[in-house]
Each structure stands twice: as C-alpha cells, then as structure tokens.
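Notes to accompany the following structure.
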Amino acid sequence: MIISGKELSAKLKAEMAREVAAFPEKYGRVPHLVVILVGDNPASVSYVTGKAKASEAVGIRNTTIRRPSEITEQELLSLIKDLNEDDSVDGILVQLPLPEHISEARVIETIAREKDVDGFHPLNVAALWQKQPCILPCTPKGIIKMLKAAGVRISGKRAVVIGRSNIVGLPVAKLLLDENATVTIAHSRTEDLPSLTRQADILVVAIGRPRFVTSDMVSDGTVVIDVGVNRDPETGKLCGDVDYAAIEPKASVITPVPGGVGPMTICCLMENTIECFLERITRR
C-alpha cells in the first residue's frame, strides 16, 4: 500500500473547512496564522506558498511577512514579540532555516507557547515528553495520522526511527511510544544499522540523505515512512531518504517522496492553528 499524503490531507482539510465555516457566526472570526519568511531561499518560498494555499483551502486567514536575509536577530525577535501581543493572531510560524547570524533556538523560544503552531517551543517539547497537554509538532503528528489511516497496528510493534532531531526524530519516537510500540532511535552512524532496521515492523527515516536506506536494510512486510526530501545527485529530481524503487516491492506500506509525509505536515499545521485558536477563544 502506498500512503498518499495528498489524498489524506485533502480529505482532512475538507473536514476542517466545514468546521471553520461555522466560526464567524460562532466566534466572530476565523483563525489567523502569521508566517514569517526571512530571505528568498527557493525551498522556503515554496513551503510558505504551500502553507498559504492550504490556509485558503481550509478558510484560515493567512498573513505572510517577508523580511530580507539581512534582518538583524533583534529586529526579528521584536517582530515576533509584537505578534505575540497581537490578539488577532492565533498562530506564529517562522520558516526555517534562518540565516546563520540568527539563532533559531532564540527565535523558537521567543514565540509565545500558545501560538507555537510548529510545536517547537521548549515548553511544548517538555510537555510532550511529560504527557501533558501541548501542541504536537506537525510532521510527527502527521505520521501517526497516516499510519492509522492506513490501518497499521502500532501497539506491540517494533519501530525503528533513524534521526534524532527535535523536529521529527525524537517527537515521532515519543508518539510511537505513546501508541505502545517498542521504539529504537538510531542515526546514520549507528553500528551495524542494517541488522537493526531489518528487525523493524515500522521504519521511520528522517536524516536528509538521498536514498540512504537500501533494499537490504528492510525486511519483507515492513511499514516504511520516508520523511526525507532531497535532490537525487544523479537526476536532480526530488527523492527521499529511502531507495523507493528498490524498497516499494518489499514494503507492506510506504510513503512516496514527494506526495507522502510533506502534505500531511502542512495539513497538521492547519489543524494546530485551529486548535490554538479554539484554546485562546475558550480561555476568554
């Protein structure tokens, strides 16, 4: 089974659109997402454009604020603080990566926790690990939704996650643990990695290395979730962290690149924005 993130996200966005359509009468307005784009990195511009299109499809108000790559860190932090205080803004997202002279950690910490639709704020990360209410990071949240939509049983299964970032690797491992999987976290330099991955019922790869996972690293029937988005060094086309052509015949379930996890990440961003809006509205 090939899990189409495009199809699943389209279905979920349609459901969200029906929900949001009732908000003006019920709450007086719709959720408002502000996306800050620093510089003109082509990939970042594409991601931000995708988020604006998804917002339009769901009925969320979207504001994109563009700033030159020369912006100082203090200027960017001041902009974020102003948005934190703006009661009309429900979600704030700063598109990563940022120029080297700006600390991504300080930027993430400055976004108000209750408006952190990416789920990257240290307090949201800590709450996730302590099983407290929090905003879930979009990609890991989308992965779990994809597995469940495909009918994959997670409980009791052996999951291997290759990747240790706070954005994907660690939080998806935690969400799999919460679904009662037995989880091993590895990285690209883990000794004898193939012997480990061949034991996996569910394999999640998020390291950003084109076609790193080869056919000999996957057993027949494995569920393979490919989070990587890379340029194939041979063709220049988009490809994932796994050798899709070689592994697809062996996998019971697999996500393609593009069109797999990526659309679900944006879909969950929309869901997080709605959740932040409702949380703020109901607190008043």
Side-chain angles (χ1 to χ4, degrees), residues 1-3 5 8 118-120 122 124-132 134-230 239-257 260-262 264-265 268:
M1 178 189 296
I2 299 172
I3 308 179
L8 179 57
D118 260 336
F120 295 164
N124 277 319
V125 174
L128 170 63
W129 286 91
Q130 294 173 6
K131 293 189 176 182
Q132 299 296 317
C134 65
I135 301 167
L136 295 177
C138 300
T139 299
K141 185 178 185 179
I143 289 170
I144 299 299
K145 285 181 177 290
M146 294 178 82
L147 290 171
K148 291 183 176 181
V152 174
R153 185 166 67 87
I154 303 173
S155 179
K157 297 299 183 178
R158 294 167 297 182
V160 173
V161 178
I162 308 177
R164 302 170 294 168
S165 75
N166 286 326
I167 295 175
V168 179
L170 293 179
V172 78
K174 177 58 169 60
L175 293 181
L176 288 166
L177 282 170
D178 289 347
E179 295 290 336
N180 299 314
T182 298
V183 182
T184 302
I185 303 174
H187 54 83
S188 60
R189 293 184 295 277
T190 295
E191 187 174 350
D192 199 10
L193 183 60
S195 68
L196 181 64
T197 56
R198 283 193 293 267
Q199 298 176 41
D201 300 307
I202 300 171
L203 177 63
V204 181
V205 193
I207 54 173
R209 294 181 60 176
R211 296 184 297 177
F212 175 80
V213 176
T214 52
S215 177
D216 64 299
M217 298 173 67
V218 177
S219 296
D220 289 342
T222 302
V223 174
V224 180
I225 304 296
D226 189 352
V227 186
V229 179
N230 315 283
C239 68
D241 288 349
V242 309
D243 186 344
Y244 182 88
I247 292 174
E248 189 268 336
K250 299 179 69 175
S252 62
V253 174
I254 191 168
T255 57
V257 176
V261 174
M264 283 302 297
T265 296
C268 288

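Summarising the geometry, atom CE belonging to M146 is positioned 5.0 Å from atom CD1 belonging to I3; distances are rounded to the nearest 0.5 Å. Rounding to the nearest 0.5 Å places CG of L147 at 13.0 Å from CZ of R153. Summarising the geometry, atom OG1 belonging to T197 is positioned 9.0 Å from atom CG belonging to D192; distances are rounded to the nearest 0.5 Å. The structure places CG of D178 at 5.0 Å from NZ of K131, a figure rounded to the nearest 0.5 Å. Distance CD1/I154 to CD1/I202: 5.5 Å, rounded to 0.5 Å. Between the CG atom in L196 and the OG1 atom in T190 there is a gap of 7.0 Å [rounded to 0.5 Å].
Between M264 and G142, the closest heavy-atom pair is CE-O, 4.0 Å. Scanning both residues, A127 and C134, for their nearest heavy atoms gives CB-CB, 3.6 Å. Across all their heavy atoms, K250 and S215 have their closest contact at NZ-O, 2.9 Å. In terms of heavy-atom proximity, M217 sits nearest to F212 at SD-O, 3.8 Å. When all heavy atoms are compared, the tightest approach of L203 to V218 is CD2-CG2, 4.0 Å. Shortest non-hydrogen contact noted between F120 and P137 is CE2-CB, 4.3 Å.
With M1 as the fixed residue, the side chain to side chain contact (heavy atoms under 4.5 Å, CB included) test singles out one of V152, V253, V223: V253.
In this structure, the side chains of V172 and T139 stay at 4.5 Å or more apart for every pair of heavy atoms. Side-chain contact between P256 and I2 is present, with heavy atoms from C-beta onward closer than 4.5 Å. Side-chain contact check for L176 versus I144: some heavy-atom pair is nearer than 4.5 Å.
Applying the side chain to side chain donor-acceptor pair (under 3.5 Å) criterion to K157, with sequence neighbours excluded, gives no partner residue. For S252, there are no side chain to side chain donor-acceptor pair (under 3.5 Å) partners two or more places apart in sequence or in a different chain.
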Evaluate the criterion salt bridge (charged side-chain N to carboxylate O under 4.0 Å, His left out) for residue pair D241 and R209; output intermediate values, then yes/no. CA-CA 5 Å; D241 288 349; R209 294 181 60 176; over 6 Å; no
Start with the C-alpha gap between V205 and V160, add the side-chain angles, then the distance that decides, and say whether side chain to side chain contact (heavy atoms under 4.5 Å, CB included) holds. CA-CA 8 Å; V205 193; V160 173; over 6 Å; no
Assess the residue pair V257 and Y244 against the criterion (side chain to side chain contact (heavy atoms under 4.5 Å, CB included)); give the C-alpha distance rounded to whole Å, side-chain angles, the decisive distance to 0.1 Å, and a yes or no. CA-CA 8 Å; V257 176; Y244 182 88; over 6 Å; no
Carefully, step by step, assess D226 and I254 under the rule side chain to side chain contact (heavy atoms under 4.5 Å, CB included). CA-CA 8 Å; D226 189 352; I254 191 168; 5.9 Å; no
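Side-chain atoms of E179 do not come within 3.5 Å of backbone N or O of L175 as any donor-acceptor pair. A donor-acceptor pair under 3.5 Å is formed between the side chain of D201 and the backbone N or O of R158. The closest donor-acceptor contact from the side chain of R164 to the backbone of L170 lies at 3.5 Å or more, if one exists at all. One N or O on the side chain of N230 and one on the backbone of G240 form a donor-acceptor pair closer than 3.5 Å.
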